[in-house]
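So the structure is just underneath, and the comments pick up after that.
All values below were derived from every heavy atom in this structure, side-chain atoms included, with hydrogens, water molecules and symmetry-related copies excluded. Predicted model, so just to flag it, every value in this text is computed and none were measured.
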Amino acid sequence: MASLAALAGFVVGALAVMVVRQNAGRGAPTASDSHEPATLPQGVASVLAVLPSSAVVLDKEDRVLRASSAARAFGLVRGENLMAAELLALARQVRRDGEIRESEIEVAGHKFGQDSTSFAVRVAPLGSHGQVLVLAEDQTEHRRVEAVRRDFVANVSHELKTPVGALSLLAETIQDAADDPEAVTRFAGRMQHEAARLTYLVQDLITLSRIQGAEPIPTPGPVPVDEVVHEAIDRCNTTAAAKDITLVAGGAEGLRIWGDDDLLVTALRNLIDNAVAYSPEHTRVVVSARTAGPHSDSIEISVSDQGIGIPESAQERIFERFFRVDAARSRATGGTGLGLAIVKHVAAAHNGTVTVWSKEGSGSTFTLRLPAFGGAAAAVHGNTTIPLEAAQ
């Protein structure tokens, strides 16, 4: 709103000078002049044409004398009419008392399926013929970002409060049960579990904040896909072994990706951890790499499981921060709700994408599609599947 006010002040001042100069050149208005239809002062159209915001000039009878293309694109103006009733009311108030007014309004989408648009508006008198200047700045994206930020802060506060509260309660319980060694041992184990959950959450928040700022990767370079896959699997072996889930690597060999190896390992580890968490015991998770096509410059790394699958209605939201298909199951597995959001941002940081295929009861497949390095797309495809048995 402040930037709009400054811009509007400059524009109104410039237009006022033009009007004054034009009136001075014409001399004092006569009785006949007052009955002539108002026209746009010379030079005003040129100023309005370069404004980034939506601009509209109304005459004394609320007819549109000039409207920028943005104003028409947003549906604020149609023909010679100003379509937003709130703006029209503001313009009439300004015309009556000559005072500049500011406000924020919501305008319904003028296209089918389009949400409403938020505008910061400033309305000012223009000249002495009852003309009014209306400036409207689209604030929709700013409002959306602010809403996301508020939701993120609220979610982080809630997620941090849960393990911290549990640790506090368990500490009091241990203090009360100091004479019962078995109870102390049991509650201490629970404290370790909650402390680990808190550590994972803080680590994920740090990782997410580091990569979501759209900053370039500091030291990108060629990253061997085989090493990324094996490192990610190695970090997930203990979790998989606890459920007797076999982790398998397969597909093409010798592929390379342009990027950051630590971030890629983190993203792939999150996908494997997610697959293990939502898979039943005695199943397997397959990690495979391949080129996207014979002449493609992209590489695809897929993680497939035999788990419970994801409902179709939730598949569009699973990459949102803190979104959980089954909140109770996520608490049981110790998930933070940030793993897939991190994967999405890592993919975006590498100019890549992440997609999901899933069917309830048939498992899921997450696919990272990333730019290849050099001649990686022409690498020889291996036919050997390398089983990496979960550590026992």
Test item: side-chain donor near acceptor, [X] and [Y], under 3.5 Å:
X: S302; Y: T367; value: yes
X: R101; Y: Q93; value: yes
X: S279; Y: Q306; value: no

Considering residues, nucleotides and ligands other than E281, do more than 12 of their heavy atoms fall under 6.0 Å from its CD?
->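 Counting neighbours around CD of E281, more than 12 heavy atoms of other residues, nucleotides or ligands fall under 6.0 Å, so yes.
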Give a yes or no on this: more than 12 heavy atoms of other residues, nucleotides or ligands lie within 6.0 Å of atom CG of D97.
->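 Yes.
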Are [X] and [Y] side-chain neighbours, meaning at least one heavy-atom pair lies under 4.5 Å?
X: F319; Y: I342; answer: no
X: L58; Y: L82; answer: yes
X: D138; Y: F74; answer: yes
X: P220; Y: D260; answer: no
X: L268; Y: V287; answer: yes
X: I301; Y: S288; answer: no

Name the orientation class of the two ring planes belonging to W258 and F373 (parallel below 30°, tilted from 30 to 60°, perpendicular beyond 60°).
->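 W258 and F373: parallel rings.
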Between S364 and G309, what is the shortest heavy-atom contact and its length?
->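 Looks like OG-CA, 3.7 Å.
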Kindly give the heavy-atom pair with the smallest separation between L90 and S103, and that separation in Å.
->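 Looks like CD1-CB, 3.9 Å.
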Would you call [X]-[Y] a salt bridge at under 4.0 Å N-O?
X: R95; Y: D62; answer: yes
X: R190; Y: E194; answer: yes
X: R290; Y: E300; answer: yes

Option among Q139, E106, E137 that satisfies the side-chain hydrogen bond (donor to acceptor under 3.5 Å, both in side chains) test with S118 =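 Running side-chain hydrogen bond (donor to acceptor under 3.5 Å, both in side chains) over Q139, E106, E137 with S118 returns exactly one hit, E106.
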V57 and side-chain contact (heavy atoms from CB on, under 4.5 Å): which partner among V64, V134, V132, L65?
->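 Exactly one candidate clears the test, L65.
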Nearest 0.5 Å, what's the CD1-CG distance between I105 and L76?
->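 One finds 6.5 Å between CD1 of I105 and CG of L76.
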